[in-house]
Asker: 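A single structure is presented below for examination.
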Amino acid sequence: MDLREMTTEGLVYAPGVWDGLTARLAEQAGFPALCASGFAISAALGYPDAELYTMSENLHAVRTIREASPLPVIADIDTGYGNAVNAARTARRFADAGVAAVFMEDQRSPKRCPLIPGAELELLDLAEATGKIRAVRDAAQETGMLVIARTDAKGDEALRRAVAYVEAGADLIMPVTKTFTTVEEWRRCHEFTGAPLMATLTASAWTEREFTPEVMEQIGVRIALLPTQLLMAVTGAAQECLSRLAAGEPPAQVGAGATPHHEFVELIGMPEIERQQHAYLPATETV
């Protein structure tokens, strides 16, 4: 079942991943889809989420994720990396990489992360923003890739933009966590547009706390992203491990309770590589 079909069957949860290992872990956990999180990909490169990395760097990460797992990937393409023509090229490249959906925001490039307190966000005017949605839709049309329009506007302006984005060809609307402040406002957005919604259940955001499956069903959410939970968990575990090692604790003691080596090499596909080596490489004699 592809992502488009999944969204008609029920709510789809997609955790934020940033490389092949996290993609495999999410698949192993039983998720039906993956989110190539721009926040996480940027963090993995050592950058904050401020569109400091390039389209090519993002695309490389997405291709790595796609190679590691067959699950449908929902990719963050930030602002499309330029104007409508740039955004169309970006969409074609991500479609060629096999992603199931892309989401693009209506900020001016370079974007600013709405999770940063006090960040002043500069939005495109509506005509330019809808032109970019049309360009991405036309670029994705032959592939069946879903086009998800994110808006960083608030209140009635967000509703106005959401309606315009659906008319421009967006398959889903993605309000950010600060777009609306109540569940009722999300419901209004779904009713105004007639389109399904995608929600981000960002760690520590109000949507993470209040958007239960029952609530999301009632307000038209069909895709729920978990963009930062895995990133925060991995970072916390790594910080603790490294701090203990740096403090001089015995490695065997620090590693107690971690994933056993034999399970880890199986997770990353070593048995299959060994099978291929035996099948295709010449036998070696042991001395």
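For clarity, every value in this text was computed on a predicted model and none was experimentally measured.
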Asker: Is the shortest distance from a Lys or Arg side-chain nitrogen in E191 or R188 to a carboxylate oxygen in the other one below 4.0 Å?
Answerer: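 No.
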Asker: Donor-acceptor check, side chain of R93 to backbone of L59, threshold 3.5 angstrom: yes or no?
Answerer: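 No: the side chain of R93 does not pair with the backbone of L59.
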Asker: Please check this pair: side chain of E240 against backbone of G236, looking for a donor-acceptor N/O pair closer than 3.5 Å.
Answerer: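 No: the side chain of E240 does not pair with the backbone of G236.
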Asker: Taking everything shown except E266 itself, do over 12 heavy atoms lie less than 6.0 Å from its CD?
Answerer: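 Count not over threshold, so no.
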Asker: Heavy-atom count check: over 12 atoms from other residues, nucleotides or ligands less than 6.0 Å from E67 CD?
Answerer: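 No, because the 6.0 Å sphere around CD of E67 holds 12 heavy atoms or fewer from other groups.
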Asker: Counting distance only, does the side-chain N/O of S69 pair as donor-acceptor with the main-chain N or O of R24 below 3.5 Å?
Answerer: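 Such a contact is absent between S69 side chain and R24 backbone.
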Asker: How about D106 and T151: does a side-chain donor come under 3.5 Å of a side-chain acceptor?
Answerer: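 There is such a pair between these side chains.
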Asker: Which atoms form the tightest heavy-atom contact between V99 and R66, and what is the distance?
Answerer: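 Result for this residue pair: N-NE, 4.2 Å.
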Asker: Could you check whether any side-chain N or O of D76 sits under 3.5 Å from a backbone N or O of D78, counting only pairs where one atom can act as donor and the other as acceptor?
Answerer: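 Answer holds: yes.
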Asker: For residues W18 and L230, determine if any side-chain heavy atom of one lies less than 4.5 Å from a side-chain heavy atom of the other.
Answerer: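 Heavy-atom side-chain distance check passes, below 4.5 Å.
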Asker: Under the side chain to side chain contact (heavy atoms under 4.5 Å, CB included) rule, what do D156 and R160 come out as? Steps first, then yes or no, please.
Answerer: CA-CA 6 Å; D156 289 342; R160 184 171 78 98; over 6 Å; no
Asker: Is a donor from one side chain sitting under 3.5 angstrom from an acceptor on the other, for Q276 and E272?
Answerer: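 Q276 vs E272: donor-acceptor pair found between side chains.
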Asker: Linking I/L/V/M/F/W/Y whenever any side-chain heavy atoms sit under 4.5 Å apart, do F264 and V254 land together?
Answerer: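 Per the 4.5 Å side-chain linkage, F264 and V254 are not co-clustered.
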Asker: Considering residues, nucleotides and ligands other than R244, do more than 12 of their heavy atoms fall under 6.0 Å from its CZ?
Answerer: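 Yes.
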Asker: Minimum heavy-atom separation for T228 to A203, with atom names?
Answerer: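 Closest approach of T228 to A203, heavy atoms only: OG1-N, 3.0 Å.
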Asker: Please report the closest heavy-atom contact between L231 and A43, naming both atoms and the distance.
Answerer: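 So the two residues come closest at CD2-CB, 4.1 Å.
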Asker: Kindly give the heavy-atom pair with the smallest separation between A140 and T143, and that separation in Å.
Answerer: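 Result for this residue pair: O-OG1, 2.8 Å.
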Asker: Looking only at heavy atoms, which two atoms of Q229 and L201 are closest? And how far apart?
Answerer: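 What the structure gives for the nearest pair is NE2-O, 2.6 Å.
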Asker: For residues F103 and V12: do they belong to one hydrophobic cluster (side chain heavy atoms under 4.5 Å, members Ile, Leu, Val, Met, Phe, Trp, Tyr)?
Answerer: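 Linked, F103 and V12 end up in one cluster.
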Asker: Less than 4.5 Å apart, side chain to side chain, heavy atoms only: is that true for W186 and M216?
Answerer: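 W186 vs M216: side chains apart.
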Asker: Any side-chain heavy atom of L225 sitting closer than 4.5 Å to one from M198?
Answerer: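 Touching, per the 4.5 Å side-chain cut-off.
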Asker: Report the C-alpha distance between E142 and R92 in whole Å, list the side-chain angles of each, state the deciding distance to 0.1 Å, and finish with yes or no for side chain to side chain contact (heavy atoms under 4.5 Å, CB included).
Answerer: CA-CA 10 Å; E142 293 183 3; R92 285 192 295 270; over 6 Å; no
Asker: Just checking, is any N or O donor in the side chain of Q107 or E51 under 3.5 Å from an acceptor N or O on the other one?
Answerer: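 E51 and Q107 do not have a side-chain donor-acceptor pair below 3.5 Å.
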Asker: Compare all side-chain heavy atoms of K111 with those of D49 and state whether any distance is below 4.5 angstrom.
Answerer: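 They are in side-chain contact.
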Asker: With no hydrogens and no angle check, just 3.5 Å: does a side-chain donor-acceptor pair link E185 and T181?
Answerer: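 Per modelled atom types, E185 and T181 side chains form a pair under 3.5 Å.
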Asker: With a 4.5 Å cut-off on side-chain heavy atoms, are M104 and I77 touching?
Answerer: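 Heavy-atom side-chain distance check passes, below 4.5 Å.
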Asker: Between D138 and A135 (side chain of the first, backbone of the second, donor and acceptor by atom type, cut-off under 3.5 Å), is there such a pair?
Answerer: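 Looks like no, no N/O pair under 3.5 Å.
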Asker: Which word best sums up how the rings of W206 and F211 line up, parallel for under 30°, tilted for 30 to 60°, or perpendicular for over 60°?
Answerer: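 It falls in the perpendicular class, over 60°.
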Asker: Determine whether L267 and E263 make a side-chain contact, defined as any pair of heavy atoms from C-beta on separated by less than 4.5 Å.
Answerer: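 Of all side-chain heavy-atom pairs linking E263 with L267, none is under 4.5 Å.
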Asker: A side-chain contact here means heavy atoms from C-beta on lying under 4.5 Å apart; do F39 and T202 qualify?
Answerer: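 Not touching, per the 4.5 Å side-chain cut-off.
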Asker: Working note: F94 + M55, criterion side chain to side chain contact (heavy atoms under 4.5 Å, CB included); need CA distance, chi angles, decisive distance, verdict.
Answerer: CA-CA 10 Å; F94 278 72; M55 184 271 277; 4.1 Å; yes
Asker: Would L34 end up clustered with V102 when hydrophobic side chains under 4.5 Å apart are linked, directly or stepwise?
Answerer: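 Yes, L34 connects to V102 through the hydrophobic network.
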Asker: Contact between Y53 and N58 at the side-chain level, heavy atoms closer than 4.5 Å - yes or no?
Answerer: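 Side-chain contact under 4.5 Å: yes.
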Asker: Could you tell me whether a side-chain N or O of S109 sits under 3.5 Å from a main-chain N or O of Y81, the two making a donor and an acceptor?
Answerer: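 It does not hold such a pair.
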Asker: Any donor-acceptor pair under 3.5 Å linking the side chain of T179 with the backbone of A153?
Answerer: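 Yes: the side chain of T179 pairs with the backbone of A153.
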Asker: Work out which heavy atom in G16 is nearest to a heavy atom in S37; give both atom names and the distance.
Answerer: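 That would be CA-CB, 4.0 Å.
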Asker: Got a donor-acceptor contact below 3.5 angstrom from the R209 side chain to the S204 backbone?
Answerer: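 Yes, because the side chain of R209 sits within donor-acceptor range (under 3.5 Å) of the backbone of S204.
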Asker: Assess whether side chain to side chain contact (heavy atoms under 4.5 Å, CB included) is satisfied between Y165 and L126, documenting all intermediate values.
Answerer: CA-CA 9 Å; Y165 296 163; L126 187 58; 4.0 Å; yes
Asker: I'd like to know if the side chain of D171 reaches the main chain of V147, judged simply by a donor and an acceptor atom lying under 3.5 Å from each other, with no hydrogens or angles considered.
Answerer: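 Side chain of D171 to backbone of V147: a pair is present.
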